[in-house]
Amino acid sequence: MKKAIIIISFAIVTLGLVAWGTYSWLSDSSKKVDGSVEDIEKQRAEQKIQENRKEIQGNISEDDLAVFEEKNLNPFGEETDMSQLDDYMYQEYIHGMSHQKVEANKKWGFYEIHPSRITWLLKGLDKTELEHEETYRNILEKWNNENFSSVDDDHNVIWDLQNGSVGRATGILSAEEEQAYVNNNS
């Protein structure tokens, strides 16, 4: 009799654990399904930016900007409108622009700093709600005033938001080093 009670108790506990595990698994799966369309769209947008990075990085000329404007593209040569900007995009653009001016052992992506780009990003902050809006605004307002005295810190703030592990800025390039970087990444 004691054996039967122990076996029945064990079976009930096992069934309870299986039921709880199944419920937990299904709950997690439904959360993923609910957010999957948004997550997939965000991943596609991020992938598109990374693919476009190769095509639009480097120097930017007034002619390039005029062509972008004619084609209704933003100053980075993409179709994204100010109202569509998100934290990922701000981090991508600011981080990429900072590479022009910072020393770092690794740099991925480079967008030449240009007043049109800075102005466009600043205006975009008024059209979207972002988690790190104040951070972006502080950096862009300094840059808009041609203050790059803490661009290495600016880079590292964004790098930290992106959970960077390689390529922390260790200083600011001299004017000659900056020009050489721009010329080599055109």
Side-chain angles (χ1 to χ4, degrees), residues 41-62 64-65 68-69 72-175 177-186:
E41 287 177 9
K42 184 175 180 179
Q43 288 173 353
R44 284 184 185 153
E46 291 172 6
Q47 183 178 5
K48 186 175 180 180
I49 287 173
Q50 291 172 8
E51 290 169 2
N52 287 350
R53 180 193 294 162
K54 295 171 189 148
E55 294 176 23
I56 64 173
Q57 69 181 358
N59 290 342
I60 188 81
S61 68
E62 296 301 321
D64 293 330
L65 291 169
F68 294 164
E69 192 172 337
N72 286 327
L73 301 175
N74 68 37
F76 293 90
E78 298 179 310
E79 294 177 354
T80 306
D81 183 68
M82 282 180 204
S83 62
Q84 298 169 316
L85 290 170
D86 61 16
D87 282 279
Y88 178 86
M89 292 173 182
Y90 270 92
Q91 291 168 23
E92 167 71 14
Y93 294 147
I94 293 170
H95 186 197
M97 287 192 295
S98 72
H99 284 165
Q100 173 178 334
K101 295 195 172 281
V102 301
E103 293 176 1
N105 61 352
K106 294 275 185 187
K107 299 179 188 182
W108 289 280
F110 163 59
Y111 305 107
E112 185 178 13
I113 294 173
H114 191 282
S116 294
R117 288 176 165 174
I118 294 169
T119 301
W120 184 78
L121 288 170
L122 277 168
K123 286 180 182 176
L125 291 173
D126 297 329
K127 300 196 182 278
T128 60
E129 290 193 30
L130 303 165
E131 184 177 354
H132 303 286
E133 177 181 337
E134 188 175 330
T135 299
Y136 311 140
R137 188 176 303 281
N138 289 338
I139 292 169
L140 292 166
E141 284 178 351
K142 282 189 293 186
W143 293 7
N144 196 44
N145 291 318
E146 297 182 24
N147 177 356
F148 298 100
S149 62
S150 60
V151 69
D152 52 343
D153 294 331
D154 300 337
H155 170 278
N156 290 340
V157 165
I158 301 298
W159 183 82
D160 286 337
L161 289 175
Q162 295 176 315
N163 297 313
S165 59
V166 177
R168 184 172 194 80
T170 56
I172 300 174
L173 298 174
S174 69
E177 291 169 324
E178 178 181 344
Q179 191 58 54
Y181 181 82
V182 170
N183 293 342
N184 291 331
N185 288 285
S186 301

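Just so you know, residue 1 is the first one in the sequence shown, and it goes up from there.
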- [ ] Could you go through the side chain to side chain contact (heavy atoms under 4.5 Å, CB included) check for Ile60 and Tyr111 one step at a time?
- [x] CA-CA 8 Å; Ile60 188 81; Tyr111 305 107; over 6 Å; no
Open item on the list: I'd like to know whether Gln179 forms a side chain to side chain donor-acceptor pair (under 3.5 Å) with Asn183, so could you lay out the CA-CA distance, the side-chain angles of the two residues, the decisive distance to 0.1 Å, and finally the verdict.
Closed with: CA-CA 6 Å; Gln179 191 58 54; Asn183 293 342; 2.9 Å; yes
TODO: Take Tyr90 and Thr135 through the side chain to side chain contact (heavy atoms under 4.5 Å, CB included) test and state the conclusion after the steps.
DONE: CA-CA 10 Å; Tyr90 270 92; Thr135 299; over 6 Å; no
TODO: Tell me, with the steps shown, if Glu178 and His99 meet side chain to side chain donor-acceptor pair (under 3.5 Å).
DONE: CA-CA 9 Å; Glu178 178 181 344; His99 284 165; over 6 Å; no
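When the side chain to side chain contact (heavy atoms under 4.5 Å, CB included) test is applied to Asp81, the partners found at least two apart in sequence or on another chain are Ser83, Gln84. Remark: Ser61 pairs with Asp63, Asp64 by the side chain to side chain contact (heavy atoms under 4.5 Å, CB included) rule, at least two apart or across chains. Listed by chain and residue number, nothing satisfies the ring-ring contact (aromatic ring centres under 6.0 Å, His included) test with Trp120 (two or more places apart in sequence, or in another chain). Residues forming a side chain to side chain contact (heavy atoms under 4.5 Å, CB included) with Glu177 (at least two apart in sequence, or on another chain): Glu103, Leu173, Ser174. Residues that satisfy the side-chain hydrogen bond (donor to acceptor under 3.5 Å, both in side chains) test with Asn144, not counting sequence neighbours, are absent from this structure. For Asn184, there are no side-chain hydrogen bond (donor to acceptor under 3.5 Å, both in side chains) partners two or more places apart in sequence or in a different chain. A search for salt bridge (Lys or Arg N to Asp or Glu O under 4.0 Å) contacts involving Lys142 returns Asp154, not counting sequence neighbours. Partners of Ile113 according to the side chain to side chain contact (heavy atoms under 4.5 Å, CB included) rule, which considers only residues two or more places apart in sequence or in another chain, are Met97, Gln100, Lys101, Ile118, Phe148. Remark: Tyr136 engages Asp87, Gln91 in a side-chain hydrogen bond (donor to acceptor under 3.5 Å, both in side chains) (not counting sequence neighbours). Applying the side-chain hydrogen bond (donor to acceptor under 3.5 Å, both in side chains) rule to Asn138 yields no partners; only residues at least two apart in sequence or on another chain are considered.
The list of salt bridge (Lys or Arg N to Asp or Glu O under 4.0 Å) pairs with a residue in residues 124-133, not counting sequence neighbours, reads Asp126-Arg137, Glu133-Arg137.
Counting heavy atoms from C-beta on, the side chains of Leu85 and Leu121 come closer than 4.5 Å. In this structure, the side chains of Leu140 and Tyr93 stay at 4.5 Å or more apart for every pair of heavy atoms. The shortest distance between side-chain heavy atoms of Arg117 and Glu112 falls below 4.5 Å. In this structure, the side chains of Tyr181 and Asn185 come closer than 4.5 Å at one or more pairs of heavy atoms. Residues Leu130 and Leu125 have side chains in contact (heavy-atom distance under 4.5 Å, counting atoms from C-beta outward).
Scanning all heavy atoms of the two residues, the minimum distance from Pro75 to Ser116 falls at CG-O, 3.9 Å. Between His155 and Ala169, the shortest heavy-atom contact is ND1-CB, 3.4 Å.
The distance from the CG atom of Leu122 to the CE atom of Met82 is 10.0 Å, given to the nearest 0.5 Å. Rounding to the nearest 0.5 Å places NE2 of His132 at 11.5 Å from CG of Asp86. To the nearest 0.5 Å, the span separating OG1 on Thr128 from CE on Met89 amounts to 10.5 Å. Note that CZ of Phe110 is 10.5 Å distant from OG of Ser98, once rounded to the nearest 0.5 Å. Here the CD atom belonging to Glu69 is positioned 11.5 Å from the CG atom belonging to Asn74, to the nearest 0.5 angstrom.
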Can you give each donor-acceptor pair under 3.5 Å made by side-chain atoms of residues 157-164, sequence neighbours left out, with the distance rounded to 0.1 Å?
| residue | atom | partner | partner atom | Å |
| --- | --- | --- | --- | --- |
| Trp159 | NE1 | Val166 | O | 3.1 |
| Asp160 | OD1 | Arg168 | NH1 | 3.1 |
| Gln162 | OE1 | His95 | ND1 | 2.7 |

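Checked against the 6.0 Å centroid threshold, Phe76 and Phe68 do not count as a close aromatic pair.
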